[in-house]
Amino acid sequence: MGNDMLLWDETLFKNGEVLELGYLPDYFAHRDSQIQSLKFSLKPAMRNMRPVNCLIKGSPGTGKTSAVLKVLKEMKEYTENVVFVKVNCQMDSTRFAVVSQIYEQLVGIKPPTSGVAFRKLFEKAVKYLIDSNKILVVVLDDINYLFHEGHADEVMYSLLRAHEQYPGAKISIIAIISDIGVPYIFDPRVGSVFLPEEISFPLYGFDEVRDIISNRIQHAFYRDVMSDEICDRITEYVDTAGDLRVGIDLLKRSALNAERRASRSVSVEDVEKAYEASRLLYLCRNIRSLSNHEKTLLELIAKATDQQAGDLYKSFHDITGLGYTRFYEIIGKMSSSQLLDADFSGKGMRGRTRIIKSRYDSKDIMKCLE
Ligand SMILES: Nc1ncnc2c1ncn2[C@@H]1O[C@H](COP(=O)(O)OP(=O)(O)OP(=O)(O)O)[C@@H](O)[C@H]1O
Ligand SMILES: [Mg+2]
């Protein structure tokens, strides 16, 4: 056995942690102007003034959440009068869930899940804020998940108008939209008080991706594990997918593939094999946020082709016992998160019928549903 084989207790990872989801990198490049805009908008808080609201937009995996977290981390060291609350709207997708998060992070106590009205909980949170003489900055991350059923407008409206009802309340919002091609316009009542500084996160260029990936390689792996050729190959995949997360996931999975072969370095085949899973990252993340009823409906849609809404409803109702209203709410939610196409087309009994299709390959959907 030559020494190009990995011993069973050896590893290619020098520090695998830097490849985990949620890791906030020290090296965060090519976003200087966006970070500057964010800092300028938040700066008034240093002088006890309400910060400027921000609207951050960009495709998945372009560094939006990371950039905001970097700035907040830095600001926290300089201010004591500002409370930052980050809400993940993919997890907390109703008005009540959002205000519960705010209350919990602000007061430090989990509010009861039932028996309290939204208004009551919101009032308590705002009173706490006024009494402690602090400024609240709410980061609504992935706010696109709040768009259906008007939740986003309700939440924004309550937060932005709080000072009218509770004088002295200073609340500002950083709304982050993961731009998946669904146009969205806030309700005019929200628009007139939101007036945000808009900050866009364009896709990274090829050289920028390569720079970020090669830096992550240096931190994650021992020398010579990933050749320049491999780095370029992964960069190409990111360039196609547009999502840097795919690249970081590829680094991890392809190195695991190499370890499985007991190899000391990653091959092109290791990367290609890894891409089969990494390319589904976005879809799986999207599906993971669905409720069980929503998953049931998606599965029904994936299993059939070009279903008419009526037939689909029948099968859905048979399994779940849920009615029309809920059915259409779910269809609406899944089309606004780009899982479905719900077109009005073809001729049905009473004019036009809705054909419902999934936007992804059924095999891929079934893989993520597993
Ligand atoms: N400029 C950068 N330098 C280093 N790493 C980066 C950079 N931009 C993004 N990343 C990395 O890419 C991954 C995705 O970034 P992030 O989660 O911030 O994207 P996002 O724009 O919020 O995506 P989404 O819209 O899907 O929420 C993270 O692991 C992050 O560390
Ligand atoms: Mg994000």
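Indexing begins at 1, ligand by ligand and atom by atom, following the structure's order. Because only heavy atoms are used, hydrogens play no part in the values below, and waters and symmetry mates are left out as well, while side chains stay in. In this text, all values refer to a predicted model and were calculated from it rather than measured experimentally.
- Only the side chain of Pro25 comes within 4.0 Å of ligand 1, judged by heavy-atom distances.
- At under 3.5 Å, not a single nitrogen or oxygen of Arg31, backbone or side chain, sits near a nitrogen or oxygen of ligand 1.
- Between Phe221 and Phe13, the two ring planes are tilted [angle within 30° to 60°].
- His30 does not count as a contact of ligand 1, since none of its heavy atoms falls under 4.0 Å from the ligand.
- Note: an N/O pair closer than 3.5 Å links Gly61 and ligand 1 by distance alone.
- Of the heavy atoms in Arg285, only side-chain atoms (C-beta onward) come closer than 4.0 Å to ligand 1.
- Residue Arg216 touches ligand 1 through its side chain alone, judged by heavy-atom distances below 4.0 Å.
- Distance alone, capped at 3.5 Å, is enough to place a donor-acceptor pair between the Asn257 side chain and the Asp270 backbone.
- Under a 4.0 Å criterion applied to the non-hydrogen atoms of Thr62, ligand 1 contributes the atoms 19 (O), 20 (P), 21 (O).
- Contact between Tyr204 and ligand 1 is present, with at least one heavy atom of the residue lying under 4.0 Å from the ligand.
- Neither the backbone nor the side chain of Leu21 comes within contact range of ligand 1; no heavy atom lies under 4.0 Å.
- In summary, the atoms of ligand 1 found under 4.0 Å from a heavy atom of Ala29, numbered by their order in the structure, are 1 (N), 2 (C), 3 (N).
- Comparing Lys64, Gln34, Lys57 against atom 21 (O) of ligand 1, the shortest heavy-atom distance belongs to Lys64.
- Ring geometry, Phe327 versus Tyr324: the interplanar angle exceeds 60°, so the pair is classed perpendicular (tilted spans 30 to 60°).
- Per-residue contacts place Ser178 under 4.0 angstrom from the following atoms of ligand 1 (heavy atoms of the residue considered): 24 (P), 25 (O), 26 (O).
- In this structure, Arg31 is positioned above the aromatic face of Tyr204, its NZ or CZ under 6.0 Å from the six-membered ring centre and within 45° of the axis.
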